[in-house]
Amino acid sequence: MPAFFNHTIIASVDRAASAEFYRSILEATDAPSWGPFTNLSLAGGVMLQFAEPPVEIQMQHYAFLVDEAHFDRAYARLVSDDVEHWADPQMTRPGETNTEHGGRGVYFKDPSGHALELITKPYF
């Protein structure tokens, strides 16, 4: 069997708030949660698990591939919720999206400070 990405744990200051943010932007569905985890399910059986570790959270980068219609809905949520966003990972083009790699993209941060990226075309 080939390897498939199954799940990851996203360190959060407030796991419920983080899960709600990702649920809204990614249109994820609730997954059974247990112990220290609040879980969401993405397409393809990928699970995002949110936990509150007893350590300082280090920023991570998570990129999500979405279709054009989903990008439009997610971007509208970012704008309506006044979420600061940029066209580039260096954060030099605020309030914009990009058209890199033959699609559209946007960068923004989640409630715990992780760098998120939405793209409509994969890089390869």
Side-chain angles (χ1 to χ4, degrees):
M1 174 176 160
F4 291 93
F5 186 74
N6 182 260
H7 69 277
T8 193
I9 297 170
I10 300 175
S12 304
V13 174
D14 177 333
R15 67 184 186 168
S18 289
E20 180 55 37
F21 181 81
Y22 282 72
R23 182 184 300 107
S24 172
I25 298 298
L26 300 178
E27 301 175 357
T29 58
D30 289 327
S33 296
W34 62 85
F37 304 111
T38 299
N39 301 325
L40 296 178
S41 180
L42 299 178
V46 173
M47 184 168 54
L48 301 180
Q49 298 184 280
F50 300 89
E52 299 167 5
V55 297
E56 183 179 340
I57 295 174
Q58 299 297 309
M59 188 273 298
Q60 298 292 313
H61 173 75
Y62 301 102
F64 298 94
L65 179 64
V66 297
D67 64 25
E68 292 285 341
H70 187 151
F71 187 94
D72 288 339
R73 292 188 303 273
Y75 188 71
R77 285 186 195 101
L78 292 174
V79 171
S80 70
D81 291 345
D82 292 321
V83 174
E84 193 171 13
H85 59 280
W86 304 268
D88 61 321
Q90 296 81 17
M91 298 183 277
T92 63
R93 296 171 50 199
E96 298 179 33
T97 62
N98 70 60
T99 55
E100 312 294 323
H101 308 286
R104 293 187 295 160
V106 67
Y107 296 83
F108 54 100
K109 293 192 176 184
D110 79 359
S112 297
H114 296 299
L116 303 183
E117 178 182 7
L118 295 181
I119 55 174
T120 61
K121 297 286 183 189
Y123 288 161
F124 60 92

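The structure presented is a predicted model; accordingly, all values stated were derived computationally and were not measured. Numbering starts at 1 and runs along the sequence shown.
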Could you tell me whether the side chain of His114 reaches within less than 4.5 Å of the side chain of Ile57, counting heavy atoms only? yes
For residues 4-14, which side-chain donor-acceptor pairs fall under 3.5 Å, sequence neighbours excluded?
{"residue": "Ser12", "atom": "OG", "partner": "Ile10", "partner atom": "O", "Å": "3.1"}
{"residue": "Ser12", "atom": "OG", "partner": "Ser18", "partner atom": "OG", "Å": "3.4"}
{"residue": "Asp14", "atom": "OD1", "partner": "Ala16", "partner atom": "N", "Å": "3.1"}
{"residue": "Asp14", "atom": "OD1", "partner": "Ala17", "partner atom": "N", "Å": "3.0"}

ask   = Does the side chain of Met47 reach to within under 4.5 Å of the side chain of Phe37, using non-hydrogen atoms?
value = no
Residue set satisfying ring pair (Phe, Tyr, Trp, His ring centres under 6.0 Å) with Phe21, at least two apart, ordered chain then number -> none
ask   = What about Val46 and Leu65, same hydrophobic cluster or not, with Ile/Leu/Val/Met/Phe/Trp/Tyr joined at side-chain heavy-atom distances under 4.5 Å?
value = no
Contacts of Tyr107 meeting ring pair (Phe, Tyr, Trp, His ring centres under 6.0 Å) (sequence neighbours excluded), chain-then-number -> none
The side chain to side chain donor-acceptor pair (under 3.5 Å) partners of His85 (sequence neighbours excluded) come to Tyr75
Across all chains, not counting sequence neighbours, the side chain to side chain donor-acceptor pair (under 3.5 Å) partners of Glu84 are none
So the side chain to side chain donor-acceptor pair (under 3.5 Å) pairs with at least one residue in residues 32-43 (sequence neighbours excluded) are Arg15-Thr38, Asn39-Gln49
Applied to residues 27-47, the salt bridge (Lys or Arg N to Asp or Glu O under 4.0 Å) test, sequence neighbours excluded, yields Arg23-Asp30, Glu27-Arg73, Glu27-Arg77
Sequence neighbours excluded, the answer for side-chain contact (heavy atoms from CB on, under 4.5 Å) partners of Met91 is Trp86, Lys109
Looking only at heavy atoms, the pair that brings Ser112 and Asp110 closest together is N-OD1, 2.8 Å
Closest heavy-atom pair, Leu42 versus Ala28, reported as atoms and distance to 0.1 Å, is CD2-CB, 3.7 Å
Open item on the list: Side-chain heavy atoms nearer than 4.5 Å, only ILVMFWY residues, links allowed to pass through others: does that put Val79 and Ile25 together?
Closed with: yes
Residue pairs passing the side chain to side chain donor-acceptor pair (under 3.5 Å) test with at least one member in residues 52-65, sequence neighbours excluded, are His61-Glu117
Taken in chain and number order and not counting sequence neighbours, the residues that satisfy side chain to side chain donor-acceptor pair (under 3.5 Å) with Ser80 are none
Residues Lys121 and Gly102: closest non-hydrogen pair is CG-O, 3.4 Å
Contacts of His101 meeting ring pair (Phe, Tyr, Trp, His ring centres under 6.0 Å) (sequence neighbours excluded), chain-then-number -> Tyr123
Correct closest heavy-atom pair for Glu68 and Thr120 would be OE2-OG1, 3.2 Å
Looking only at heavy atoms, the pair that brings Ala31 and Leu40 closest together is CB-C, 3.9 Å
Side chain to side chain donor-acceptor pair (under 3.5 Å) filter on Asn98, not counting sequence neighbours, yields none
With a 4.5 Å cut-off on side-chain heavy atoms, are Leu48 and Leu26 touching? yes
Heavy-atom closest pair (Leu118 atom, Phe71 atom, distance to 0.1 Å) is O-CE1, 3.7 Å
(Q) Has Asp81 got a side-chain atom pairing as donor or acceptor with Val83's backbone, closer than 3.5 angstrom? (A) no
